[in-house]
Amino acid sequence: MNHPHTMNVLTFRLKNETVNVGVFSPQHTFPGPQLPFFKVPGAIEAFNTTYGTGIRLVTATEAQGILDVVRDKPDSRAPFRRLNDFGVRTFYLPDMIAYTAPNKELGKYIRYTQKDQPTIFFPTGEYRGASNIALVVRDPKSSDFVVEKTGEVVRRVDINVTGDRLSHLENFPKKTGWYNRKQNSDGTIPIDISALDGEFSNGLAGVFFQRLKGSYIGMPTRYVFGHDYIFANEPVLEYDSVLCMISEFDLVKITDRKELRTVA
């Protein structure tokens, strides 16, 4: 199985731990086009199969730690420059979320479509009839996506997840704005879901959460330039960066492979 990849590796000091963060690209050249969200799990799975590794997407907590390093060291700006040099502007978080317009009851499916974009269908399961919540799939897998194509053009993607892998976030934000920055208990997105009734007038007090007015399905992303920004509103075919956590054990495997390019 031949999967061309590049992997640039950055080292960050998060609290009292040194971690290796890989900027992953499935292309021959780097920087280059990244992946729409529904292709990310399959790309990570293929990489791990090819190289015998266990890399994974950075969690929401790890992402916040990385961006705090960027913010807290304004003099050196080294972490910022390194992410910027590798073409990282926004990057995925490892959860898929789906929501509808505020105060609208969920039907059998959430449907997300935009002009010249594939249409996405997300089953609501036991949450049918609920409103003002977001549905969540933790750590999506390639098997969660059923892709329908015409030639090489993706026309439709069905999310194939039901049962206990489908959970929800209550009191989901009804509009774009600044919200409490505290990490919510299940680690999905870096805002306190239980405290979203009140907005902050001062952006420094929270995180800027951006959503659509209508329905949306995708993986939330974090923004490097504005480290307090989190997006759940991007087009289906938006191509965000893929940041991975790499163990010391896996780092040896990656650096030993000459087809992968790493930067310490």
Side-chain angles (χ1 to χ4, degrees), residues 24 26 33-46 56-57 60 89-170 172-176 186 188-189 193 209-223 229-243:
F24 169 87
Q34 294 293 315
L35 295 167
F37 80 93
F38 58 87
K39 291 186 177 182
V40 171
I44 298 297
E45 292 166 14
R56 58 172 177 77
L57 291 179
R89 305 296 186 270
T90 57
F91 60 91
Y92 292 107
L93 298 179
D95 294 296
M96 179 168 49
I97 69 171
Y99 60 79
T100 58
N103 305 317
K104 180 181 178 181
E105 290 189 359
L106 296 178
K108 185 177 181 180
Y109 294 94
I110 295 174
R111 179 175 180 266
Y112 176 42
T113 185
Q114 291 184 324
K115 184 179 179 181
D116 299 325
Q117 300 278 317
T119 300
I120 314 291
F121 289 88
F122 191 109
T124 59
E126 65 182 278
Y127 300 102
R128 184 175 183 176
S131 60
N132 297 322
I133 66 172
L135 301 185
V136 178
V137 176
R138 315 287 182 197
D139 299 315
K141 303 173 175 55
S142 60
S143 58
D144 296 337
F145 303 94
V146 180
V147 179
E148 181 181 306
K149 293 182 177 181
T150 301
E152 293 301 313
V153 178
V154 177
R155 300 295 186 186
R156 171 173 172 156
V157 180
D158 287 277
I159 310 302
N160 183 33
V161 176
T162 57
D164 59 3
R165 291 196 57 223
L166 186 61
S167 59
H168 75 289
L169 301 175
E170 295 182 347
F172 195 68
K174 294 182 180 180
K175 59 182 179 179
T176 291
D186 58 15
T188 305
I189 55 178
I193 298 300
F209 183 79
Q210 190 160 0
R211 58 157 292 162
L212 295 178
K213 293 181 179 179
S215 299
Y216 171 78
I217 301 167
M219 291 167 65
T221 58
R222 294 303 304 264
Y223 185 38
Y229 281 64
I230 180 168
F231 299 102
N233 67 334
E234 293 187 333
V236 178
L237 294 182
E238 185 71 19
Y239 300 97
D240 295 286
S241 294
V242 179
L243 295 191

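Nothing fancy with the numbering, it's 1 onward along the sequence.
- Without hydrogens or angle criteria, Thr124 side chain to Gly107 main chain gives a donor-acceptor distance under 3.5 Å.
- The salt bridge (Lys or Arg N to Asp or Glu O under 4.0 Å) contacts involving residues 112-129 comprise nothing, where partners must be two or more places apart or lie in separate chains.
- Not a single donor-acceptor pair under 3.5 Å links the side chain of Tyr216 to the backbone N or O of Arg211.
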Could you walk me through whether Val161 and Phe145 pass the side chain to side chain contact (heavy atoms under 4.5 Å, CB included) check?
CA-CA 8 Å; Val161 176; Phe145 303 94; over 6 Å; no

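- Looking at residues two or more places apart in sequence or on another chain, you find a salt bridge (charged side-chain N to carboxylate O under 4.0 Å, His left out) between Arg56 and Glu62.
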Take Phe91 and Asp240, measure what side chain to side chain contact (heavy atoms under 4.5 Å, CB included) needs, and give me the verdict at the end.
CA-CA 5 Å; Phe91 60 91; Asp240 295 286; 5.7 Å; no

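- Counting only heavy atoms from C-beta outward, the side chains of Leu237 and Pro118 approach each other to under 4.5 Å.
- Considering OG1 of Thr90 and CZ of Arg222, their distance stands at 11.5 Å, rounded to 0.5 Å.
- Scored by the side chain to side chain donor-acceptor pair (under 3.5 Å) test, Glu238 finds no partners at all (sequence neighbours excluded).
- Looking at residues two or more places apart in sequence or on another chain, you find no side chain to side chain contact (heavy atoms under 4.5 Å, CB included) involving Asp164.
- Taking every heavy atom of both residues into account, Phe209 and Phe172 meet most closely at CZ-CZ, 3.5 Å.
- Checked options Ile120, Ile110, Leu135; the residue passing with Ile159 is Ile120 (criterion: side chain to side chain contact (heavy atoms under 4.5 Å, CB included)).
- Note: Thr176 OG1 to Leu212 CG = 8.0 Å, rounded to the nearest 0.5 Å.
- Taking each heavy atom of Pro41 and Ser142 in turn, the nearest pair found is CB-N, 3.6 Å.
- For the atom pair Phe24 CZ and Leu35 CG, the distance stands at 6.5 Å (nearest 0.5 Å).
- Applying the side chain to side chain donor-acceptor pair (under 3.5 Å) test to Arg89 and every residue at least two apart in sequence or in another chain returns Asn84.
- Arg165 pairs with exactly one of Asp95, Asp144, Asp139 by the salt bridge (charged side-chain N to carboxylate O under 4.0 Å, His left out) rule, that one being Asp144.
- Here Tyr99 pairs with nothing under the side chain to side chain donor-acceptor pair (under 3.5 Å) rule; sequence neighbours left out.
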Begin from the C-alpha positions of Leu106 and Ile133 and carry the test side chain to side chain contact (heavy atoms under 4.5 Å, CB included) through to its verdict.
CA-CA 9 Å; Leu106 296 178; Ile133 66 172; 4.1 Å; yes

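- With sequence neighbours excluded, the residues that form a salt bridge (charged side-chain N to carboxylate O under 4.0 Å, His left out) with Asp158 are Arg156.
- Between the side chain of Tyr112 and the backbone N or O of Gly218, no donor-acceptor pair lies under 3.5 Å.
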Would you please test Ile230 and Leu93 for side chain to side chain contact (heavy atoms under 4.5 Å, CB included) and show each step?
CA-CA 10 Å; Ile230 180 168; Leu93 298 179; 3.8 Å; yes

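- A ring pair (Phe, Tyr, Trp, His ring centres under 6.0 Å) check over residues 117-136, counting only residues at least two apart or in different chains, returns the pairs Tyr127-His168.
- Atom NZ in Lys213 sits 15.5 Å away from atom OG1 in Thr100 (nearest 0.5 Å).
- Not counting sequence neighbours, the partners of Asn132 by the side chain to side chain contact (heavy atoms under 4.5 Å, CB included) test are Pro102, Asn103, Lys174.
- Side-chain contact between Phe38 and Val236: present, with at least one pair of heavy atoms (C-beta onward) separated by less than 4.5 Å.
- Evaluation of the side chain to side chain donor-acceptor pair (under 3.5 Å) rule for Thr162 yields no partner, not counting sequence neighbours.
- Residues passing the salt bridge (charged side-chain N to carboxylate O under 4.0 Å, His left out) test with Arg155, sequence neighbours excluded: none.
- Sorted by first then second residue, the salt bridge (Lys or Arg N to Asp or Glu O under 4.0 Å) pairs that include residues 100-114, not counting sequence neighbours, number zero.
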